[in-house]
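Residue numbers begin at 1 in each chain, while the letters A, B, ... track the order of the sequences.
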2 protein chains.
Amino acid sequence: MTNDTAVGIPPEQACPIAPVVDIVFSRWTTPILWVLNEYGRHRFVELERRITTITPKVLTDRLRQLERDGLVVRTYHPEVPPRVEYEITELGRSLSPVFEALAKWSVNIGEVEQARLDYDTRKPVGGQASRGRPR
Amino acid sequence: MTNDTAVGIPPEQACPIAPVVDIVFSRWTTPILWVLNEYGRHRFVELERRITTITPKVLTDRLRQLERDGLVVRTYHPEVPPRVEYEITELGRSLSPVFEALAKWSVNIGEVEQARLDYDTRKPVGGQASRGRPR
DNA sequence: CAGTATCCAGACGGATACTG
DNA sequence: CAGTATCCGTCTGGATACTG
């Protein structure tokens, strides 16, 4: 049934999980958290090698953000060549069910790809179909 | 244990859920899917009113993208004042467990906020702590 | 109502080079 | 090693106005 009382909805957008998404799924945070969660502690350079396409600057930015949000801990070892290790926190680890749900859903990616093919193949001509440009 | 065999990881980033994140959590898609999933069919203007801060252009963009990905269906009713309805698809609905996991985790937002306060309060002086600028 | 058409700003991320 | 310092291009998303 169509909803017609779309008034009086709380502030912002009527979506309680939006803030969570901002915290967990900003750019690059997913691979970082995933790696730290799956494979344990890593030093900076190890993360760089895991996530091959990230630049040091961006990696630093994201790690700081995750540290600030309490999802990752940074440990500095004042040794001869400095050593720094990053580890996921308990709070970060509590995201596991989220990642699991995502991993399970990933079996559907094929369907998404098929849907895209269909959409792009459907002649933009004929009918009142919406013409979307591929993003 | 620290991982030291960070070599030979597949292509891209060693994170199988990254593609899913791109599909589901690009900007504004979360509120749109959430609303459609929770409250059923909506017409364009109803979505605009639900998600109060989105502009028509962006709403259109995101709806096209979701339609192309097969997560949403658009139905055009050629009536006197045109009527268009958006509905979530089966595929879209299959994301429910993901949203549920996210909703459950949202109880932790308070912890994140506390962590941010701590981080920002900790004097940037003293020790080898990383000085992060709030984003 | 359900969009489209423009235009624009500024945030984000990439490349490159340098340092404690 | 583990970053930081700069510079810069791009691309998204916002504001605004208009239309079938």
* Check side chain to side chain donor-acceptor pair (under 3.5 Å) between A/Asn108 and all other residues, then give those that pass, not counting sequence neighbours. => none
* **Note, A/Leu36 side chain near A/Leu66 side chain (heavy atom, < 4.5 Å)** => no
* Is the phosphate of C/dA2, meaning OP1 or OP2, less than 4.0 Å from a side-chain N or O of B/Arg43? -> yes
* Kindly write out the residues that satisfy side chain to side chain contact (heavy atoms under 4.5 Å, CB included) with B/Thr30, not counting sequence neighbours, or none if the list is empty. => A/Cys15, A/Ile17, A/Val21, B/Phe25
* Classify the side-chain pair B/Thr29/B/Gln65 by whether it contains a donor and acceptor separated by less than 3.5 Å. => no
* To the nearest angstrom, how far is B/Arg83 atom CZ from C/dG3 atom C1'? -> 16 Å
Show me the protein contacts with nucleotides 14-20 of chain C, counting only N or O atoms at under 3.5 Å.
| unit_1 | atom_1 | unit_2 | atom_2 | d |
| --- | --- | --- | --- | --- |
| C/dG14 | O6 | A/Lys57 | NZ | 2.6 |

* Asked: Between C/dC1 and B/Tyr86, is there an OP1 or OP2 to side-chain N/O distance shorter than 4.0 Å?
  -> no
* To do: Using whole Å, report how far CG of B/Leu59 lies from P of C/dG3.
  => 8 Å
* Figure out the CG/P separation between A/Leu63 and D/dG3, and round it to whole Å. => 8 Å
* Verify the contact: side-chain N or O of B/Arg74 to OP1 or OP2 of C/dG3, cut-off strictly under 4.0 Å; return yes or no. => yes
* Round to a whole Å and report the spacing from NE2 of A/His77 to C1' of D/dA2. => 13 Å
* To do: Grab the NE2-P distance between B/His42 and C/dC1 for me, whole Å please.
  => 15 Å
* Do any side-chain nitrogens or oxygens of B/Arg62 fall under 4.0 Å of OP1 or OP2 in D/dT12? -> no
* Among C/dG3, D/dG3, D/dC1, which nucleotide sits nearest the side chain of A/Thr60? -> D/dG3
* **Axial bend angle, the helix from C/dC1-D/dG20 to C/dG20-D/dC1: five-pair end segments, nearest 10°** => 60°
* **With sequence neighbours excluded, residues passing side chain to side chain contact (heavy atoms under 4.5 Å, CB included) with A/Val58** => A/Trp28, A/Ile54, A/Thr55, A/Arg62
* Structure fact -> To the nearest angstrom, the CD-P distance between B/Glu79 and C/dG3 comes to 13 Å
* Residues that A/Ala115 engages under side chain to side chain contact (heavy atoms under 4.5 Å, CB included), provided they are two or more places apart -> none
* To do: Return the value, rounded to whole Å, for the distance between atom CG of A/Leu47 and atom P of D/dG3.
  => 10 Å
* For B/Gln114, side chain to side chain donor-acceptor pair (under 3.5 Å) partners two or more places apart -> B/Asp118
* Side-chain N or O of A/Arg64 less than 4.0 angstrom from OP1 or OP2 on D/dG3? -> yes
Quick one: side chains of residues 88-96 of chain A, donor-acceptor pairs under 3.5 Å with protein atoms, not counting sequence neighbours, listed by atom name and distance.
| unit_1 | atom_1 | unit_2 | atom_2 | d |
| --- | --- | --- | --- | --- |
| A/Thr89 | OG1 | A/Gly70 | O | 2.7 |
| A/Thr89 | OG1 | A/Leu71 | O | 3.2 |
| A/Thr89 | OG1 | A/Leu91 | N | 3.3 |
| A/Thr89 | OG1 | A/Gly92 | N | 3.0 |
| A/Arg93 | NH1 | A/Asn37 | OD1 | 3.4 |
| A/Ser94 | OG | A/Leu91 | O | 2.5 |
| A/Ser94 | OG | B/Trp105 | NE1 | 2.8 |
| A/Ser96 | OG | A/Arg93 | O | 2.8 |

* Sequence neighbours left out, what passes side chain to side chain contact (heavy atoms under 4.5 Å, CB included) with A/Glu100? Give chain and number order. => none
* Expressed in angstrom and rounded to an integer, what is the separation of B/Glu48 atom CD from C/dT4 atom C1'? -> 13 Å
